[in-house]
Amino acid sequence: MTTRRLVLSRGAALVGAASTGLLLPQIVRAQSDRIRVGLMLPYTGTFAQLGVAIENGVRMAIDEKGGKLGGRTIEWFKVDDESEPSKGVENAQRLVQRDKVDILVGTVHSGVQMGIHRVVRGTDVLNIIPNAGVHAATRALCAPNVFRTSFTNSQPTLALGKPMMDKGLKRAVWISWKYAAGEEAFEGFKDSYTKAGGTIVKELSLPFPNVEFQALLTEIASIKPDAVACFFAGGGAAKFMRDYAAAGLKDSIPLWGSGFLTEGVLEAAGPAAEGVMTTMHYADSLDTPRNKQFRLEYAKAFRMQPDVYAVQGYDSGQVLVQALAAVKGDTSNKKALYQAVEKQAVDSPRGRWTFSNSHNPIQDFYLRRVENKDNKVIGIAARNLADSGAGCRMA
Ligand code: PHB
């Protein structure tokens, strides 16, 4: 593991320095010049590919600007959080207390995020959330040192209800994993769909990360709603779309969802994904020079196509590059550092966005349709959509 290697080599350097005496002050100064950045992401399990895309994006943004932050060399520390909430606190403590990171970039899963939050809230560690949408992190439990570059769980689905009703889909079944991300995505869907006049005829769920969809698909077939709306992501999303098609529902009951459903899985889902409609703060086919250049460079660097997770990682890297440049690499004045982050207007492949007062992106949401293994933009589903930030009082 990278972490252990770094610790060992540092120990060896110090032993060598101690024996020569003279070298020690120099080495200590060189080390404190370094900036310590922790990556706490899933590298195994159903969200493994999300973690990889995020890390790729973070590194790409930093490498584009010379590979340093505020002129300081980066020392990286990595933890695989496995999307396992029960290990969230312990994994975050490894980075914060043992590795003493200045910055913690993490994570993907909302439950694990709450573990990170318990560890970083009230500390001086700058936490950039590159995916997990759990409401509390930028609502009731918001914090000066915690910033999200992705979304809140209800943001994409707040944009979903109206386009469904515009298509005349008046009775819908909701289905998702039963944990914060699925439940909060449902909140957004319920709000937008019922306000637009729709009726949710059934709410179905299964535990995360189960992918035994068969019984629930049989139930959907017997209800015969006008449409199904859902939250799934990663490997589970690909399986859900394949099972949905295999159950014979694809052509009779249109499938809609928050856009994670079709992110990074279009190869794995194959024809089962064609025609699926989603709302998301990004789309592969966004026709801007910024997005085209990003996609080209990412594909060249990593030999794979970027997705929304890569974009969120990239924006996390951009925010760090710009904020650390603004404070000239000085992380000792926390107030100045957090202000520098707050002020960022991010020139993202998704389009320009800024942070809300509760440190969550204010951004556009696109309506997309899968066509030829591509998330094709159909239109704008919501412009400058901000999360409510309900209950946020910055300390
Ligand atoms: C979450 O757990 O917050 C989560 C995970 C995967 C996604 C979106 C949200 O694609």
Side-chain angles (χ1 to χ4, degrees), residues 40-55 57 81-88 91 105-117 127-139 141 146 148-160 175-189 205-211 229-241 257-266 268-269 273 276 278-283 306-313 315-316 350 360-361 363 365 368 375 387:
M40 179 159 154
L41 293 166
Y43 295 102
T44 51
T46 202
F47 290 159
Q49 69 198 49
L50 285 61
V52 170
I54 289 168
E55 177 174 347
D81 69 35
E82 305 164 41
S83 294
E84 179 48 66
S86 69
K87 298 183 192 164
N91 280 329
V105 178
T107 188
V108 167
H109 182 287
S110 277
V112 180
Q113 194 67 45
M114 289 316 291
I116 295 180
H117 208 68
N127 176 210
I128 305 284
I129 308 174
N131 186 73
V134 62
H135 287 167
T138 55
R139 288 194 187 178
L141 297 177
V146 175
R148 178 150 44 204
T149 56
S150 49
F151 53 86
T152 57
N153 286 324
S154 58
Q155 252 181 325
T157 42
L158 275 173
L160 188 61
I175 179 167
S176 66
W177 280 310
K178 195 167 181 54
Y179 81 105
E183 285 160 3
E184 294 177 350
F186 178 66
E187 273 179 44
F189 178 62
S205 66
L206 72 172
F208 176 87
N210 283 12
V211 290
C230 69
F231 163 82
F232 289 111
K239 169 104 172 20
F240 181 71
M241 288 187 285
S258 61
F260 309 112
L261 181 65
T262 58
E263 286 295 323
V265 297
L266 293 177
V276 171
T278 60
T279 46
M280 185 92 302
H281 47 286
Y282 179 66
D307 53 22
V308 74
Y309 309 107
V311 171
Q312 291 165 181
D315 288 354
S316 302
R350 72 182 99 165
N360 190 69
Q363 56 193 337
F365 282 79
R368 310 135 16 122
N375 284 299
D387 185 73

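Atoms within a ligand are numbered from 1 in the order they appear, just like the ligands themselves.
- Taking every non-hydrogen atom of A233 and a distance limit under 4.0 Å, the qualifying atoms of ligand 1 come out as 6 (C), 7 (C), 10 (O).
- Of all the heavy atoms of F151, the ones lying under 4.0 Å from any atom of ligand 1 belong exclusively to the side chain.
- Using a 4.0 Å cut-off between charged side-chain N and carboxylate O, D315 and R350 make a salt bridge.
- Under the 30°/60° scheme for interplanar angles, the aromatic rings of W177 and F47 are found to stand perpendicular.
- By the 30° and 60° cut-offs, the orientation of the rings of F208 relative to Y179 is tilted.
- Against a heavy-atom cut-off of under 4.0 Å, G133 is close to the following atoms of ligand 1: 3 (O).
- Nearest to atom 3 (O) of ligand 1 by heavy atom, out of S110, P42, G264, S83, is S110.
- Among all protein heavy atoms, the one lying closest to atom 10 (O) of ligand 1 is Y309 OH, 2.8 Å.
- In this structure, the side chains of F151 and N131 come closer than 4.5 Å at one or more pairs of heavy atoms.
- Here the protein heavy atom with the shortest distance to atom 4 (C) of ligand 1 is V108 O, 3.4 Å.
- Under the 30°/60° scheme for interplanar angles, the aromatic rings of F231 and F260 are found to stand perpendicular.
- For atom 2 (O) of ligand 1, the nearest non-hydrogen atom of the protein is Y179 OH, 2.6 Å.
- Proximity of E82 to H109: side-chain heavy atoms (C-beta onward) are nowhere separated by under 4.5 Å.
- Nearest to atom 7 (C) of ligand 1 among the protein's heavy atoms is N131 ND2, 3.6 Å.
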Walk me through it: do R368 and T262 pass the test side-chain hydrogen bond (donor to acceptor under 3.5 Å, both in side chains)?
CA-CA 10 Å; R368 310 135 16 122; T262 58; 3.0 Å; yes
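- At under 3.5 Å, not a single nitrogen or oxygen of A132, backbone or side chain, sits near a nitrogen or oxygen of ligand 1.
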